[in-house]
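Notes for the one structure printed next.
Labels below follow one simple rule: chain letters A, B, ... track the order of the sequence lines, proteins then strands, and each chain is numbered from 1. Here the structure is a predicted model, which means the values were calculated and not measured.
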Number of protein chains: 2
Amino acid sequence: MPRSTRPGARRADAQHSVEKILDAAIDCLSRNHDASVVQIAQAAGVGRVTLYGHFPSREGLVEAALAHLLERGEEVLSGLDLTGEPAQSLRELIDSSWLLIAQSGAMLEAAQKVLPPGRIHELHAGPEQRVRELIVRGQAQGAFRDDLPAAWLASALHHVLKGTAADVRSGAMTAEQAPEFIAQITLAAYAPQPSCSNRP
Amino acid sequence: MPRSTRPGARRADAQHSVEKILDAAIDCLSRNHDASVVQIAQAAGVGRVTLYGHFPSREGLVEAALAHLLERGEEVLSGLDLTGEPAQSLRELIDSSWLLIAQSGAMLEAAQKVLPPGRIHELHAGPEQRVRELIVRGQAQGAFRDDLPAAWLASALHHVLKGTAADVRSGAMTAEQAPEFIAQITLAAYAPQPSCSNRP
DNA sequence: GGTAAGTCGAACAGGCTTGTACGAGTTATG
DNA sequence: CATAACTCGTACAAGCCTGTTCGACTTACC
């Protein structure tokens, strides 16, 4: 089992195989929560035993695929300049995040079923922190409301992004207007509120 | 197979069995997307063959359980008086919906995997329409923004409710403050916006 | 060009599911 | 109380999935 040696020692075609498998896994799992290993292998144009030669188990494959997916997303998001006006930065962050989430589809849900919860939360720390930091900065500058925890505001946005992506996948909504709609609703929700509460 | 006769002809204990099975199915499927028939039967304190005596297949059971769940929810929601001030009515609707969604848990996701999409959308028409009508009324009265479709505003609320319920289930959030948080964020998002757009 | 690395298909074992069948026991109901 | 309805356990067939083994074939790399 030479696959256990360091990655650099892998032959070029082997490396190419794992990439094909990873891409196929993301593609298949995004469409079907519990795609079987044989389905993924077929989509990758690879034998099932070859797949098992590179990944210890289905769970290991899902984890690697999720990590690969989030890694690609992180590359996109890290290229963004979020130091400008908070509202505008949030808009850009929403636009980019929308693309990523819409593409990844149900891949995350697939992972949620197989991987331990802590592992997923761990892999998601990056994107979540990026949004939260932007919110905190906006709160400090008075651009966003500060009567609610930044973590909650961030999670609400995450839910809307994820849910709307699911709607689009099921054909209940068109993808074009989605990011603009999400941005408008989010900016309104994040806006500073009048200090007086209308509830005693 | 006397179960195929009209419901009134069922013996009392048989009727009791189907209720136990239905409750157990809702309970199990809310915690585990793909709970097996044997798991549900055990939770209901009933033999597997007895379950198959009342339901034709696993799919039939899931459908019946979802219908039963939404029926119970509809009873709760239909008791609400939503004719008052839109914002206050929305608050009450959110509170009640939150309880229902938090209880039902992942049951819906389970159904989403087994039942044809049209069937689910059909069963969900009731709650969705109730929220949408309230939003439309609020828009007409000037209490809610009308620059976005009511259906979108409703779906966004639905996503936040569902996602936050999932967070609570996974322990990432406490259930107590959740409905108040959701209400605040939703009311802010629904509030009428200044006519001038800050984007050319 | 030789060798190790990689791939392939077929096949097996083990497990879990669904759905059905049978026979015997229990209980509600008239 | 007698009967039909109901329930139960066990067992079976069929299918799918995972993970592993084997031998043979192809291909990259030194």
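A:G45 comes within 4.0 angstrom of the backbone, heavy atoms only, and of no base.
Formation of a donor-acceptor pair under 3.5 Å by the A:R145 side chain with backbone atoms of A:A189 is found in this model. A donor-acceptor pair under 3.5 Å is absent between the side-chain atoms of A:Q15 and the main chain of A:A12, judged by distance alone. Under the 3.5 Å distance criterion, the side-chain polar atoms of B:T50 are left unmatched by any main-chain donor or acceptor of B:V46. In terms of modelled atom types and a separation under 3.5 Å, the side chain of B:S104 and the main chain of B:M107 share no donor-acceptor contact.
For A:S57 and D:dT18, the shortest distance from a side-chain N or O to OP1 or OP2 is not below 4.0 Å. Between A:T50 and the phosphate of C:dG6, there is no side-chain N or O to OP1/OP2 separation shorter than 4.0 Å. The side chain of B:H54 places an N or O atom within less than 4.0 Å of a non-bridging phosphate oxygen (OP1 or OP2) of D:dT7.
Using modelled atom types, one finds a donor on one side chain and an acceptor on the other under 3.5 Å when comparing A:Q177 with A:T174.
The stretch residues 137-157 of chain A participates, sequence neighbours left out, in these ring pair (Phe, Tyr, Trp, His ring centres under 6.0 Å) pairs: A:F144-A:Y190, A:W152-B:F181.
Transitive grouping of hydrophobic side chains (ILVMFWY, heavy atoms separated by less than 4.5 Å) brings A:L99 and A:V131 into a common cluster. Two different hydrophobic clusters hold A:I185 and B:V136 under the rule that ILVMFWY side chains link at heavy-atom gaps under 4.5 Å.
Rounded to whole Å, atom P of C:dG9 lies 13 Å from atom CG of A:L51. Atom OH of A:Y52 is separated from atom P of D:dT21 by 13 Å (rounded to the nearest Å). As a whole-Å value, the separation of B:N32 CG from C:dT17 C1' is 14 Å. To the nearest angstrom, C1' of C:dT18 lies 14 Å from CG of B:D34. For the pair B:H16 NE2 and C:dT27 P, the interatomic distance rounds to 15 Å; values are reported in whole Å. As rounded to whole Å, 12 Å separates atom P of D:dC8 from atom CD of B:Q42. To the nearest angstrom, P of C:dT17 lies 11 Å from CD1 of B:I40. The CZ-C1' distance, from B:R58 to C:dT17, rounds to 9 Å in whole Å.
Crowding of B:E176 atom CD: a count of heavy atoms from other residues, nucleotides or ligands under 6.0 Å not exceeding 12.
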What protein N or O atoms touch nucleotides 1-4 of chain C N or O atoms at under 3.5 angstrom, if any, and at what distances?
none

Could you list all N or O pairs between the protein and nucleotides 9-16 of chain D that sit under 3.5 Å apart?
residue : atom : partner : partner atom : Å
D:dA11  : N6   : B:R48   : NH2          : 3.2

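With respect to A:R137 and A:E133, no salt bridge is recorded, no charged nitrogen being found less than 4.0 Å from a carboxylate O.
Mapping B:D13 and A:S17 onto DNA chain C by nearest heavy atom places A:S17 closer to the 5' end of the strand.
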> Which is it for B:D95 and B:R91 under the salt bridge (Lys or Arg N to Asp or Glu O under 4.0 Å) test, yes or no, and what are the steps along the way?
Replying inline: CA-CA 6 Å; B:D95 282 345; B:R91 231 177 231 278; over 6 Å; no

> Going through the distances and angles, do A:V160 and A:T186 end up as a side-chain contact (heavy atoms from CB on, under 4.5 Å)?
Replying inline: CA-CA 9 Å; A:V160 173; A:T186 304; 5.6 Å; no

Would you tabulate the side-chain donor-acceptor contacts of residues 65-76 of chain B under 3.5 Å, counting partners in other chains and residues two or more places apart, or write 'none'?
residue : atom : partner : partner atom : Å
B:R72   : NH1  : B:D23   : OD1          : 3.4
B:E74   : OE2  : B:R130  : NH1          : 3.1
B:E74   : OE2  : B:R130  : NH2          : 3.3

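When distances run from any side-chain atom of A:A14 to the nucleotides D:dT20, C:dG6, C:dT17, the shortest one goes to C:dG6.
Note that the CG atom of A:D167 and the OG atom of B:S155 stand 5.5 Å from one another [nearest 0.5 Å].
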> Pairs counted as Watson-Crick or G-U wobble with both distances under 3.5 Å: what dot-bracket string results for DNA chain C, using | for bases tied to another strand?
Replying inline: ||||||||||||.||||.||||||||||||

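Within residues 19-31 of chain B, no residue places a heavy atom under 4.0 Å from DNA chain C.
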